[in-house]
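Read through the structure below, which is laid out as structure tokens, and then see the notes.
Sequential numbering from 1 along the given sequence is applied to the chain's residues.
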Amino acid sequence: MTPRFVLVLSENWTLTTGRDLPVLVRWAREAEDAGFDAVMVSEHIVLGPDAGAKGVMGNPRDYAYPGNQDPFTPWPGSLMLLGAIASATTRIRLAAAAVLAPLRHPLALARDIGTLDLLSEGRLVVQPTVSWSRDEYAAMGVPFEKRGAILDEQLEIWDLLWRGSPVSYSGTHFSFEDVYFEPRAYRPDGPRMWFGGQHLHDRLLDRLVKYGHGFHPLGRPTPDEVDRLKTAMSAAGRDAADLEMIGGCRPVFPDDDSVSPLEPALESIPAQLEQGFTTFCIKPSQFTDDPDAVGAFCREVVNRAAALTS
């Protein structure tokens, strides 16, 4: 199987400033021209002191994890940025990863998601999540401890909204009656949805089985977790083979001041393909310091991966 690649557009601030968003749109066009399958944008609304509570990452090109980033890290609005990318591209998928759904009302967020899905003619992928920052939840006035239950109600509401109006819902966190939601998303069952996390806990497993089109774990899932997922999908009458498996390309930094060579980051792809992964995220700033070299970098990724898997 030929691997599919996702260009991560967040967290590339060693390549560009957090204010030069048009360059991210250009990189998306270049990734599409190079044969990439998708671009990905993650989000935070605000950050607080807990963003760096575990110590800031040594190499600023590394991935942002819970508690390892400078609170000044830029996080542009993901859905608006992907809307700009949608208008500048024709084929590439738009992955809104780490959409912090509990920080918004489900009807308002569904309107933004559905509009972007229509604008892109079904190219949108949404990965709703609860995230980790207590400071962010406190700033938004949302109870951190209830974030999982809030997301589960939101997913139930979206599932109703995509299918037709009027819609009524009565839950612990949200209630409304006879709302008309038009226009809806591009597909009758809404945009494609990925779910992920550090571990395959019961709540995540339930979301994948009920609503998931893709599994995007943080790190590599254990064989036991993969078996649990397959068993649960089968029990629900779903084929686990239809679930897109999203892996990654991990950099190997020689020190805290340098980029990673590309070759060792791609070496794990054949083994991941054998495990069922088909789609691989890669962040350009981990491999180049030249903002004008992203298109060439994407072409090199595609060509090297083809040689590895041929």
Side-chain angles (χ1 to χ4, degrees), residues 3-44 47 51-52 54-76 78 81 85 92 95 97-98 216-220 246-273 277 279-309:
R4 298 191 291 257
F5 286 99
V6 181
L7 189 70
V8 178
L9 293 178
S10 305
E11 311 170 36
N12 286 290
W13 313 124
T14 56
L15 275 179
T16 184
T17 74
R19 298 178 62 84
D20 187 7
L21 302 186
V23 74
L24 304 183
V25 179
R26 173 168 63 85
W27 292 347
R29 290 199 307 267
E30 292 172 345
E32 181 174 72
D33 292 342
F36 267 51
D37 177 74
V39 292
M40 175 182 289
V41 181
S42 300
E43 72 166 5
H44 282 286
L47 290 177
K54 297 180 181 178
V56 175
M57 64 185 77
N59 192 316
R61 301 164 186 82
D62 207 349
Y63 279 107
Y65 291 108
N68 81 335
Q69 56 192 291
D70 188 329
F72 283 97
T73 301
W75 290 98
S78 60
L81 176 55
I85 291 172
I92 204 162
H216 182 200
L218 182 62
R220 305 278 166 78
I246 300 94
C249 307
R250 294 293 171 185
V252 182
F253 297 118
D255 53 56
D256 285 347
D257 300 313
S258 304
V259 298
S260 167
L262 181 59
E263 296 89 338
L266 299 179
E267 287 175 355
S268 68
I269 286 179
Q272 290 186 72
L273 288 170
F277 289 85
T279 307
F280 302 91
C281 301
I282 191 164
K283 187 166 72 153
S285 64
Q286 296 181 332
F287 305 96
T288 179
D289 281 334
D290 184 356
D292 294 323
V294 171
F297 164 76
C298 291
R299 291 190 294 274
E300 183 180 2
V301 168
V302 170
N303 292 335
R304 286 186 178 274
L308 278 172
T309 57

Donor-acceptor contact present, side-chain Asn303 to main-chain Glu300, <3.5 Å: no
Atom pair OG/CG of Ser268 and Leu273 - distance to nearest 0.5 Å: 9.0 Å
Which atom of Met57 lies closest to which atom of Ala64, heavy atoms considered: CE-CA, 3.8 Å
Nearest-0.5 Å distance that lies between atom CD in Glu11 and atom CH2 in Trp75: 4.0 Å
With Phe287 via ring pair (Phe, Tyr, Trp, His ring centres under 6.0 Å) - residues at least two apart: Phe297
Under 3.5 Å: donor-acceptor pair, side chain of Trp27, backbone of Val294: no
Intermediate values then yes/no, side chain to side chain contact (heavy atoms under 4.5 Å, CB included), Arg61 and Asp289: CA-CA 10 Å; Arg61 301 164 186 82; Asp289 281 334; 3.2 Å; yes
Pair Asp62 + Lys283, salt bridge at N-O below 4.0 Å: no
Distance-minimising heavy-atom pair for Met40 and Ala97: CG-CB, 3.5 Å
Min side-chain heavy-atom separation Gln272-Pro3 under 4.5 Å: no
Under 3.5 Å: donor-acceptor pair, side chain of Glu32, backbone of Ile92: yes
Ignoring hydrogens and angles, write down the donor-acceptor pairs under 3.5 Å from the side chains of residues 14-24, residues two or more places apart or on other chains.
residue: Thr17; atom: OG1; partner: Arg19; partner atom: N; Å: 3.2
residue: Thr17; atom: OG1; partner: Asp20; partner atom: N; Å: 3.2

Atom of Gly295, atom of Glu30 and distance for their closest heavy-atom approach: N-OE1, 3.3 Å
Pair up each side-chain donor or acceptor in residues 246-257 with any protein partner under 3.5 Å, not counting sequence neighbours, and list the distances.
residue: Arg250; atom: NH1; partner: Tyr65; partner atom: OH; Å: 2.7
residue: Asp255; atom: OD1; partner: Asp257; partner atom: N; Å: 2.8
residue: Asp255; atom: OD1; partner: Ser258; partner atom: N; Å: 2.9
residue: Asp255; atom: OD1; partner: Ser258; partner atom: OG; Å: 2.8
residue: Asp255; atom: OD2; partner: Ser258; partner atom: OG; Å: 3.2

Reported CZ-to-CZ distance for the pair Phe277 and Arg4, which is rounded to 0.5 angstrom: 13.0 Å
For Leu266 against Leu308, the heavy-atom pair lying closest together: O-CD1, 3.4 Å
Note, Val301 side chain near Leu262 side chain (heavy atom, < 4.5 Å): yes
Side-chain donor/acceptor of Ser10 to backbone N/O of Ser42, under 3.5 Å: yes
Straight-line distance of Thr73 OG1 to Trp13 CH2, nearest 0.5 Å: 9.5 Å
